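Report on the structure given below.
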Amino acid sequence: MLDFLRQAMEAGQAAALVLLVGIEGSASRSLGTIMAVREDGVYCGYVSGGCIEAAVATEALSALQTGQDRLIRFGKGSPFFDIALPCGGGLDLLVHVLRDGAPIRAVLAQLASRHPATLVYDKDNARLMAQPSNAQTGWHDARFVTHFTPSVRIVVMGESLEAEALIRVAQAADVDIARRDGRHGLGEIDAHTAIAFLHHSAEDDEPLLTQALLSEAFYVGCLGGRQTQHRRRQGLATAGLDQIAMERLHGPIGLFGPARNASSLAVSVLAEILSKRA
């Protein structure tokens with residue numbers, strides 16, 4: 001959505017950023033979710049389950065025509081009685097008419113370098129800023145803070161059938177994948193990276209597994225049954241790895257199991273990785 005806004009502004013098109021700034025009851029999206037609307041009516045993103053986006057885009061177009069930001073409500077307590085949310089809740093949406101593309105570019109640059117970023121909207125001045133903030137997503141006096149984190153990246157170690165299946169499933173889910181064969185190390189690992197060791201031989205994991213468990217990776221998992229995992233942990237302990245680091249190891253790998261084919265295992269591994277990120 002942010003890149004959609006950047007491209008629109010660089011093409012000389014007016015655009016609006018829509019922020020989900022209030023939730024009453026239940027909602028399908030979280031606070032701080034964004035949507036982008038271009039002056040020609042094309043929009044990108046969702047602030048609900050798809051039931052109000054066309055109406056939101058219409059409101060954003062009206063804001064673009066007047067050049068004024070607006071706060072609107074859909075669902076419970078809304079003046080739009082003909083637009084109901086299936087969940088029965090209410091959503092407050094802030095439509096900000098973009099006048100300066102610098103904050104959007106700054107956030108995109110941070111995310112491209114695999115660093116978190118924050119947008120702050122100042123209601124009193126109708127101004128959007130890209131600036132660090134430790135505040136939780138939400139309103140803080142007259143300012144609304146929303147955080148963005150780099151996308152999940154999965155480093156897949158191994159050339160097995162299971163590795164191929166995980167790559168296919170992750171790509172279908174639009175998850176960033178980096179393939180490693182171990183000969184050139186793990187590559188760049190950050191706090192938004194998961195590492196899946198999918199070798200069939202446990203010995204192939206040992207040279208890099210310690211490095212992975214001591215890295216910033218939020219998830220490290222290994223293929224293999226319970227006996228294999230027990231031997232693996234014994235080897236790590238013998239090599240001097242402490243208990244805290246070893247407890248980070250997910251093995252047998254996957255959220256559910258045992259998975260008896262590569263496709264099921266791939267779904268199980270991806271589910272476990274995304275659940276740990278959440």
Side-chain angles (χ1 to χ4, degrees), residues 3 28 46 111-116 148-278:
D3 198 51
S28 58
Y46 293 89
L111 295 176
S113 62
R114 305 286 297 170
H115 292 102
F148 299 87
T149 55
S151 60
V152 173
R153 173 184 293 161
I154 303 177
V155 172
V156 179
M157 306 293 296
E159 299 179 356
S160 61
L161 185 63
E162 291 81 1
E164 295 290 346
L166 177 58
I167 290 171
R168 290 196 303 272
V169 169
Q171 288 175 336
D174 200 25
V175 175
D176 188 16
I177 285 286
R179 183 107 182 234
R180 301 283 186 269
D181 59 13
R183 290 175 291 184
H184 304 291
L186 294 173
E188 184 178 351
I189 303 296
D190 56 38
H192 311 284
T193 298
I195 307 173
F197 286 86
L198 298 177
H199 300 105
H200 277 221
S201 172
E203 290 73 21
D204 292 337
D205 296 338
E206 293 178 3
L208 293 175
L209 186 52
T210 297
Q211 181 183 338
L213 292 170
L214 294 175
S215 74
E216 290 186 283
F218 73 88
Y219 173 93
V220 179
C222 284
L223 187 67
R226 297 190 183 281
Q227 291 185 355
T228 299
Q229 302 297 338
H230 178 68
R231 291 194 300 270
R232 180 178 281 126
R233 284 178 167 81
Q234 285 184 320
L236 291 170
T238 301
L241 195 67
D242 62 44
Q243 187 64 31
I244 295 176
M246 277 196 292
E247 286 177 356
R248 298 187 63 221
L249 178 61
H250 295 272
I253 197 170
L255 188 63
F256 57 85
R260 298 303 184 188
N261 59 72
S263 296
S264 296
L265 180 72
V267 173
S268 179
V269 172
L270 183 60
E272 183 172 47
I273 289 172
L274 295 181
S275 70
K276 296 303 176 184
R277 172 61 178 255

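The residues of the chain are indexed from 1 along the displayed sequence. Quick caveat, the model's predicted, so the values are computed rather than measured. Side chains included, hydrogens not; waters and symmetry mates left out as well; all remaining heavy atoms used.
Summarising the local packing, OH of Tyr46 is surrounded by 12 or fewer heavy atoms from other residues, nucleotides or ligands at distances under 6.0 Å. Environment of CD in Glu247: crowded, with over 12 heavy atoms of neighbouring residues, nucleotides or ligands closer than 6.0 Å.
Under the ring-ring contact (aromatic ring centres under 6.0 Å, His included) criterion, no residue pair touches residues 154-178, with sequence neighbours excluded. Residues in residues 258-278 take part in no ring-ring contact (aromatic ring centres under 6.0 Å, His included) pair, two or more places apart or across chains. Residue pairs meeting the ring-ring contact (aromatic ring centres under 6.0 Å, His included) criterion with at least one partner in residues 257-277, sequence neighbours excluded, do not occur; the list is empty. Counting only residues at least two apart or in different chains, salt bridge (charged side-chain N to carboxylate O under 4.0 Å, His left out) contacts with residues 184-193 comprise Arg114-Asp190. For the ring-ring contact (aromatic ring centres under 6.0 Å, His included) condition, no pair includes a residue of residues 148-175, sequence neighbours left out.
Remark: Ser263 engages Asn261 in a side-chain contact (heavy atoms from CB on, under 4.5 Å) (not counting sequence neighbours). With sequence neighbours excluded, no residue forms a side-chain contact (heavy atoms from CB on, under 4.5 Å) with Asp174. With sequence neighbours left out, Arg153 forms a side chain to side chain donor-acceptor pair (under 3.5 Å) with Asp176. Judged as a side-chain contact (heavy atoms from CB on, under 4.5 Å), and not counting sequence neighbours, the contacts of Ser160 are Glu162, Ala163, Leu198, His200. Partners of Glu159 under the side-chain contact (heavy atoms from CB on, under 4.5 Å) rule, at least two apart in sequence or in another chain, are Arg179, Asp181.
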Report all side-chain donor-acceptor pairs from residues 265-278 shorter than 3.5 Å, counting only partners two or more places apart or in another chain.
residue: Ser268; atom: OG; partner: Leu255; partner atom: N; Å: 2.9
residue: Ser268; atom: OG; partner: Phe256; partner atom: N; Å: 3.0
residue: Ser268; atom: OG; partner: Phe256; partner atom: O; Å: 2.8
residue: Glu272; atom: OE1; partner: Tyr219; partner atom: OH; Å: 2.6
residue: Glu272; atom: OE1; partner: Gly254; partner atom: N; Å: 2.8
residue: Ser275; atom: OG; partner: Ala271; partner atom: O; Å: 3.3
residue: Ser275; atom: OG; partner: Glu272; partner atom: O; Å: 2.7
residue: Arg277; atom: NH2; partner: Thr149; partner atom: OG1; Å: 2.9
residue: Arg277; atom: NH2; partner: Pro150; partner atom: O; Å: 2.8

Side chains of residues 236-246: which donor-acceptor pairs under 3.5 Å do they make with residues two or more places apart or in other chains?
residue: Thr238; atom: OG1; partner: Gln234; partner atom: O; Å: 2.9
residue: Asp242; atom: OD1; partner: Ile244; partner atom: N; Å: 3.2
residue: Asp242; atom: OD1; partner: Ala245; partner atom: N; Å: 2.8

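At least one side-chain heavy atom of Val220 sits under 4.5 Å from a side-chain heavy atom of Leu209.
Of the N and O atoms on the side chains of Gln229 and Arg232, at least one donor lies less than 3.5 Å from an acceptor on the other residue.
Closest of all the heavy-atom pairs between His192 and Pro116 is NE2-CG, 4.1 Å. Nearest heavy atom pair, residue Ala165 against residue Ala262, reads CB-O, 3.6 Å.
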Practice prompt. Show your working on side-chain contact (heavy atoms from CB on, under 4.5 Å) between Glu164 and Val156 and close with a plain yes or no.
Written response: CA-CA 9 Å; Glu164 295 290 346; Val156 179; over 6 Å; no

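Put simply, CZ on Arg180 and CD1 on Ile195 are 9.5 Å apart, with the number rounded to the nearest 0.5 Å. Summarising the geometry, atom CZ belonging to Phe197 is positioned 5.5 Å from atom CG belonging to Leu208; distances are rounded to the nearest 0.5 Å. The distance from the CG atom of Leu166 to the CD1 atom of Ile253 is 7.5 Å, given to the nearest 0.5 Å.
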